[in-house]
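Written below as structure tokens is the structure these notes are about.
Computed from a predicted structure; not experimentally measured. Reminder, nothing fancy here: chain letters follow the sequence lines and each chain counts from 1.
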Amino acid sequence: MKEIIQQEYGYLFEDALLNEIVKVGSLKKAKKGDQLMEIGGVITAMPLLLDGAIKILREDSRGDELLLYFIEKGDSCAMTFSCCMGTNKSEIRAIAEIDTSLVMIPAQYMKSWMTTYESWQQFILQSYHTRVMELIETVDTLAFLKMDERIFKHLQDKVKVNQNEIIEVTHQDIAYDLHTSRVVVSRLLKKLENEEKIELHRNWIKVLEL
DNA sequence: ACATTAAGTGATT
DNA sequence: AATCACTTAATGT
């Protein structure tokens with residue numbers, strides 16, 4: 001276990017901290033589609049991504065979803081961090097985008113590591129920063145891009161986190177993530193196909209233009 | 001061959 | 001861009 005953590009986080013953390021992580025953290029594997037966190041759920045641990053990707057969703061009162069951003073390997077969800085300091089509940093839902101492995105660090109260690117390890121403090125701050133930037137980008141996308149552009153961007157994001165230009169999704173899946181209807185997705189995807197930016201198939205899409 | 005589910009389409013708001 | 005109502009196509013049993 002130490003080797004894997006060392007590989008992904010060795011350049012960030014000193015040896016003593018790596019040892020602590022190995023000692024108190026628990027290795028966890030999530031399969032594609034597994035739910036890692038639910039809205040309103042109590043957060044007891046902070047995840048450090050070793051491999052894979054997680055998508056973070058918000059939900060409205062009717063149960064409709066909206067994708068906020070992806071977390072990739074080497075990242076952490078710093079939102080968890082603020083929740084860990086108090087005893088807050090989760091504002092978001094987290095679902096494994098692909099098969100993912102991560103280390104769960106119990107919340108109680110967060111605070112003391114902040115003062116003991118400078119690299120930890122750096123990491124949290126940095127992580128928080130990138131998270132906020134991702135959120136801003138999502139807001140921009142929502143506010144300034146038309147639906148067809150949003151769909152195409154979403155596909156490109158999927159290609160990135162999956163490390164594969166072939167994405168296994170249905171039009172309905174995309175509709176849920178972007179909070180629109182399947183019919184609209186189908187029509188706009190068709191348009192993108194005509195522009196030769198993508199290739200459409202049942203249950204999978206190939207992105208040609210990256 | 002049949003049922004199920006995904007995707008395509010025209011019309012309307 | 002959303003919704004309805006319907007058609008067509010792909011896929012599993």
> Can you tell me how far C1' of B/dA7 sits from CG of A/Leu192, to the nearest Å?
Replying inline: 15 Å
>> Using OP1 and OP2 only, check whether a side-chain N or O of A/His201 sits under 4.0 Å from B/dA6.
In response: no
> At their closest point, which heavy atom of A/Lys31 faces which heavy atom of A/Ala96, and how far apart are they?
Replying inline: O-CB, 3.4 Å
>> Tell me whether the side-chain N/O atoms of A/Ser186 come closer than 4.0 Å to OP1 or OP2 in B/dA6.
In response: no
>> Classify the ring geometry of A/Phe13 against A/Trp120: parallel below 30°, tilted from 30° to 60°, perpendicular beyond 60°.
In response: tilted
>> Nearest whole Å is fine: how far is C/dA2 C1' from A/Ile151 CD1?
In response: 13 Å
> Nearest heavy-atom pair of A/Ala94 and A/Ile56: which atoms, and what distance?
Replying inline: CB-CD1, 3.8 Å
> Between B/dG8 atom P and A/Ile174 atom CD1, what is the distance in whole Å?
Replying inline: 11 Å
> Thinking salt bridges, do A/Lys153 and A/Glu137 make one under a 4.0 Å N-O criterion?
Replying inline: yes
>> Which nucleotide wins on minimum distance to the side chain of A/Lys146, given the candidates C/dT3, C/dA1, B/dG8?
In response: C/dA1
> Can you tell me how far C1' of B/dA7 sits from CG of A/Asn203, to the nearest Å?
Replying inline: 10 Å
>> Measure CD/A/Gln172 against C1'/C/dA2 and give the value in whole Å, please.
In response: 13 Å
>> Please report the distance, rounded to the nearest Å, between CD in A/Glu193 and P in B/dA6.
In response: 19 Å
> If you check every side-chain atom of A/Val183, which of C/dC4, C/dA2, B/dA7 has the closest atom?
Replying inline: C/dC4
>> Need to verify one output field. Residue with the more 5' nearest nucleotide on DNA chain B, A/Arg187 or A/Thr170?
In response: A/Thr170
